[in-house]
Amino acid sequence: MTLKTCSECGAAQAPDQRYCLKCGARLGSLPTAIAVQIGRVKKFATGRIPLVKAPAPKEADAGRKKGWPYERSDFMPSPRAAAAAVIGMLALGVALGSATNELARSAGLTTILFEEPEPAPEEEEPAPEVAAAPEEETTAEPAPAATPSAIPEEEAVIEEPLPGGPEATKPPIKEELPEGLPEIKHVFVIMLGENGYEETFGKASTSAYLSEELPAQGELLPNYFAVTKGQLANQLALISGQGPTPETQADCPDYTDIAPGTEGDEGQIEGNGCVYPATTRTLPGQLEEKELTWKAYVEGSEDGAAVGQPTSCRHPALGGADPNHQSTGADSYVTWRNPFVYFHSIIDGETCAKADVGLPQLTKDLQGKAERFPAVAYIAPDACHSGGEQPCEEGALAGPAASEEFLKTIVPEIQESFAYKDGGLIVITSAEARQGGENPDAGACCFFPAYPNLPAEGEEQTTGLVKETGGGGRVGAVLLSPYIEPGTTSESYFNHYSLLVTIEEFFGLEKIGYSTNPLLVGFGEELFSTTG
């Protein structure tokens, strides 16, 4: 067996020997990774770069150990230098670790340890794992979980309240409706002026739209009556259940309080005058108590700015003559076509300016969502379009023909609205029948009390359900609704108090004024189809 010798001193070496026992030289080459690290240590500690030689040519490689490419260096670092090198390497490692840790933090990374969890007890479910938030970020304390019926705050839609009352809501109508009635959510009352049934809907009508087209779309009520004389008195009856006073029968030429204004039987306010005390109950007040909305769209109110008056809730100064008792060329507004401004409970509050507005606002409101539209909308055309016996100006149309163009614009707008399609009902009628001229009509139906503020008009004569004196005459009405079969007619008897009862029943309201009388009935289920 041939023994190896040390290339440094020539001493003999065993085959498995790694270092020379005589001079300490290493026999054979260092592993590559260790050689590189030693070179880095030397460079870091002394600044010297180990010399690396290219492999020698084969002819010059004789006698050199194969695999030893580095030239031997006589330099050996001192202990202090070696210690400094080790400390430097540790410092470098800390610096690199800190840098990579900051990068991980900025990227939202966390260290994930995988280990097999201990089995949880069978009676307890393991808690869900929650990822830890970065240390440098401050997070808000989580809000308590919402109940299933609550709307999450970020998903809640906040809308401005509808002008004219509290924010519109959908009441539980079905729970309070009389059996058989449909779920009407929006009632549109279009109140014309002084027109009897025959001249509006009958053969003598000057408007084919009123007498033919609208009844073909809905249901005709030929036996619908006004309750007293005077357009204002009848409109007040519809929205409050109040009987007339001599002044309201005359359409209130002087805007004065009713005195003494005491309350009698069936909630009737007793005295003379036009403006009811704040304690008088009204349909708008009932709706607001129920958190429902109302609105009056009175044509001509928007002209107030041109004559130095408000454009909403227009009414005269209390205690004086009404300057708008008659329309003029510059201002078509007449106060008595707006029954809402005769109640202190309305004009003394903030609601009036928002809810009692001009007609152009109707078009804007109809373009909105159904739930944002008022529960009750009262629409009053001005003197030029109400169909009165006298034209509003020379050469203008009078009677139903004067209302036709107005209705041809307003009715289709309503029918195209979301509010009408979502449980709407349109009622088109007149305040009273003609009380003068060749064929006056003072008849009344159904229920005619001895009004406390008026003297008796002689002996009452009754033919069937109709009393020949003391009323406002037969005016008729037509109803349009998705719940009404087109082209139908009802021969039942109704009046303005009946319409008040109907609205109260639709919205679950408490009865007020003469609507409390048990002899009065509203529109029954026979008029409607609940299928819509």
Side-chain angles (χ1 to χ4, degrees), residues 186-197 199-201 207 209-210 214 218 221 224-242 244 248-249 251-252 282-284 294-301 314 327 332-343 346 355-359 361-362 374-389 392 399-400 402-407 409-411 413-414 424-435 472-480 494-503 523:
H186 306 280
V187 176
F188 304 81
V189 177
I190 302 178
M191 184 62 72
L192 304 179
E194 190 180 33
N195 306 288
Y197 170 78
E199 62 185 319
T200 306
F201 301 107
S207 170
Y209 187 68
L210 273 165
L214 290 178
L221 305 182
Y224 185 102
F225 284 75
V227 297
T228 187
K229 292 181 175 65
Q231 293 189 47
L232 176 59
N234 279 285
Q235 295 175 91
L236 294 171
L238 171 58
I239 67 170
S240 69
Q242 290 293 320
T248 60
Q249 279 195 333
D251 294 333
C252 193
T282 64
L283 176 60
W294 64 276
K295 220 164 190 181
Y297 302 93
V298 185
E299 188 177 21
S301 181
R314 288 182 65 181
S327 64
S332 63
Y333 179 78
V334 289
T335 310
W336 47 266
R337 291 288 298 155
N338 184 0
F340 299 89
V341 297
Y342 292 88
F343 297 92
I346 296 176
D356 193 275
V357 297
L359 186 65
Q361 186 63 40
L362 175 62
V376 175
Y378 188 95
I379 303 166
D382 64 14
C384 293
H385 302 122
S386 63
E389 185 178 2
C392 66
S403 304
E404 185 168 294
E405 290 304 316
F406 173 88
L407 293 172
T409 301
I410 295 298
V411 173
E413 278 188 1
I414 296 173
L425 169 66
I426 303 173
V427 181
I428 304 173
T429 189
S430 297
E432 66 172 349
R434 290 185 181 181
Q435 299 298 304
R474 185 168 71 126
V475 293
V478 65
L479 311 181
L480 305 171
F494 303 106
N495 61 19
H496 291 324
Y497 292 133
S498 302
L499 179 53
L500 174 59
V501 170
T502 301
I503 296 173
F523 299 167

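Starting from 1, each residue takes its place in the sequence as its number.
Between the H496 side chain and the A431 main chain, a donor and an acceptor come within less than 3.5 Å of each other. A donor-acceptor pair under 3.5 Å is formed between the side chain of T409 and the backbone N or O of E405. In this structure a side-chain-to-backbone donor-acceptor pair under 3.5 Å is present from R337 to P381. Side-chain N or O atoms of S327 include none that pairs as donor or acceptor with a backbone N or O of Y333 at under 3.5 Å.
Contact of the T282 side chain with the I239 side chain is not registered, since no non-hydrogen atoms from C-beta on lie closer than 4.5 Å. Taking 4.5 Å as the limit, every side-chain heavy atom of Y224 sits out of range of all side-chain heavy atoms of Y197. A heavy-atom distance below 4.5 Å is not found between the side chains of F201 and L214. Side-chain contact between F523 and L499 is present, with at least one heavy-atom pair separated by less than 4.5 Å. At least one side-chain heavy atom of W294 sits under 4.5 Å from a side-chain heavy atom of P284. Taking the side chain as every heavy atom from C-beta outward, T248 and Q242 never approach each other to under 4.5 Å. Between L238 and V189 the shortest side-chain heavy-atom distance falls below 4.5 Å. No side-chain heavy atom of F225 sits less than 4.5 Å from a side-chain heavy atom of V475.
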- Query: For F188 and I410, what are the C-alpha separation, side-chain angles and deciding distance, and is it a side-chain contact (heavy atoms from CB on, under 4.5 Å)?
  - Reply: CA-CA 11 Å; F188 304 81; I410 295 298; over 6 Å; no

- Assess whether side-chain contact (heavy atoms from CB on, under 4.5 Å) is satisfied between I379 and M191, documenting all intermediate values. CA-CA 6 Å; I379 303 166; M191 184 62 72; over 6 Å; no

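N195 and T200 form no side-chain donor-acceptor contact under 3.5 Å, judged by distance and modelled atom types alone. Using modelled atom types and a 3.5 Å distance limit, the side chains of S498 and N495 yield a donor-acceptor pair. Looking only at atom types and distance, the side chain of Q249 has a donor-acceptor partner in the side chain of T228 under 3.5 Å away.
Partners of R314 by salt bridge (Lys or Arg N to Asp or Glu O under 4.0 Å), not counting sequence neighbours, listed by chain and number: D331. In terms of the side-chain contact (heavy atoms from CB on, under 4.5 Å) criterion, residue partners of S207 (sequence neighbours excluded) are, by chain and number, S205, Y209, L210, P400, E404.
Taking the six-membered ring for Trp and thresholds of 30 and 60 degrees, H385 and F406 have nearly parallel ring planes, at less than 30 degrees apart. Relative orientation of the F340 and Y378 rings is perpendicular, given thresholds of 30° and 60° on the angle between their planes.
Residue T502 holds its OG1 atom at 8.5 Å from CG of L425, rounded to the nearest 0.5 Å. Separation of atoms CG (N338) and CG (D382) is listed at 12.5 Å; rounding is to 0.5 Å. The distance from atom OG of S403 to atom CG of L192, rounded to the nearest 0.5 Å, is 4.5 Å. One finds the NE2 atom of H186 at 12.0 Å from the CD1 atom of I414 (value rounded to the nearest 0.5 Å). Taking CD from Q231 and OG from S430, the interatomic distance works out to 8.5 Å, rounded to the nearest 0.5 Å. Atom SG of C384 is separated from atom CD of E299 by 7.5 Å, given to the nearest 0.5 angstrom.
The minimum heavy-atom distance between S332 and G300, with the atom names listed, is OG-CA, 3.7 Å. In plain terms, the two heavy atoms of A377 and Y297 that are nearest each other are CB-CE1, 3.9 Å. The heavy-atom pair separating Q435 from E194 by the smallest distance is N-OE2, 3.2 Å. Considering every non-hydrogen atom in both E432 and N234, the closest pair reads CB-ND2, 3.8 Å. Across all non-hydrogen atoms, the minimal contact from L500 to A237 is CD2-O, 4.0 Å.
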